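Written below as structure tokens is the structure these notes are about.
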Amino acid sequence: LQTVEKDILYPGDWHLPDGRIFSCSQGDVNYFAKRMQDMIEAGLPIPGAWEHQDKVVPITKEQWQARNADLVKLTFGHANEANVNAQGALVVKAELDDEDASRLLKKIKFVSPQIEWDYKDPRGKVWEGPSILHFAATSRPVQVGPANGKIGQKPFALSALKQPHMGPIR
């Protein structure tokens, strides 16, 4: 396995494909870093996906093994650490599955977080508020670095390929 660091969220106003605006403060970035780290420490590693995939969410290692044949094609690795760098961006350290994943991730360059509210994990715990459920390598990012309205509680992805779900996921 190869470990890489990838920036996945910056403060700023991000215009979503459906017209909403995601206003992300530095406090929000700090919140998402802590939430991701809390989920990782609870045994829910955050997956990295090839483009956004509805099936790719944090699950236990045991559940991952049971669904491995289906999910392995959709993912390239998992975050094992989340923190905020000196520039104020949320950065994940991710273990990549293989050298091909590393080469393709370098080629694609951009990563987009999938954010959903009140996530109920496979053990039944509800993570109240917004959580990053995966980060996706995408060729059509909404955020491409630091940026210079409110979105409500509809899940969304910060890339132009994903159509957001209608209403919170329960």
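Here, residue 1 is the first one in the sequence, and each next residue gets the next number. Not measured: the values here are computed from a predicted model.
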Next item on the list: To the nearest 0.5 angstrom, please state how far the CG atom of Asp118 sits from the CH2 atom of Trp127.
Entry: 13.0 Å
Margin query: If the condition is side-chain hydrogen bond (donor to acceptor under 3.5 Å, both in side chains), which residues does Glu41 pass it with, not counting sequence neighbours?
Written below: Gln37
Check: So among Ile8, Val84, Leu90, which one has a side chain to side chain contact (heavy atoms under 4.5 Å, CB included) with Phe32?
Finding: Leu90
Note to self: Ignoring hydrogens, what is the shortest heavy-atom contact between Ala82 and Ala33? Give both atom names and the distance.
What the structure shows: CB-O, 3.8 Å
Next item on the list: Taking side-chain hydrogen bond (donor to acceptor under 3.5 Å, both in side chains) as the test, write out the residues that go with Glu5, two or more places apart.
Entry: none
Check: Do you know the tightest heavy-atom contact between Pro11 and Ser25?
Finding: CB-C, 4.1 Å
Notebook entry, point to check: Rounded to the nearest 0.5 Å, how far apart are CZ of Arg35 and OH of Tyr119?
Noted result: 12.0 Å
Check: Taking side chain as C-beta onward, heavy atoms only, is Pro130 less than 4.5 Å from Asp28?
Finding: no
Next item on the list: Might you work through the side chain to side chain contact (heavy atoms under 4.5 Å, CB included) test for Ile40 and His78, ending with a clear yes or no?
Entry: CA-CA 10 Å; Ile40 291 165; His78 291 84; over 6 Å; no
Next item on the list: Measure the spacing between CD1 of Ile46 and CG of Leu133 and express it to the nearest 0.5 Å.
Entry: 7.0 Å
Checklist line | Separation between CD of Glu95 and CG of Asn80, rounded to the nearest 0.5 Å | finding: 4.5 Å
Notebook entry, point to check: Is it true that a side-chain atom of Asp7 and a backbone atom of Val91 form a donor plus acceptor pair closer than 3.5 Å?
Noted result: no
Next item on the list: Give the minimum heavy-atom separation between His134 and Ala49, together with the two atoms involved.
Entry: CD2-CB, 4.2 Å
Check: What is the distance from atom CD of Glu81 to atom CE of Met36, rounded to the nearest 0.5 Å?
Finding: 11.0 Å
Checklist line | Tyr10 to Val29 - nearest heavy-atom pair and separation | finding: C-CG2, 3.9 Å
Checklist line | Pro45 to Pro47 - nearest heavy-atom pair and separation | finding: O-CD, 3.4 Å
Check: Out of curiosity, Met39 CE to Asp121 CG, how far, rounded to the nearest 0.5 Å?
Finding: 7.0 Å
Margin query: If you define the side chain from C-beta out and look only at heavy atoms, does anything of Asp38 sit under 4.5 Å from Lys34?
Written below: yes
Next item on the list: Output yes when a side-chain donor or acceptor of Gln114 lies under 3.5 Å from a complementary backbone atom of Ala136, and no otherwise.
Entry: no
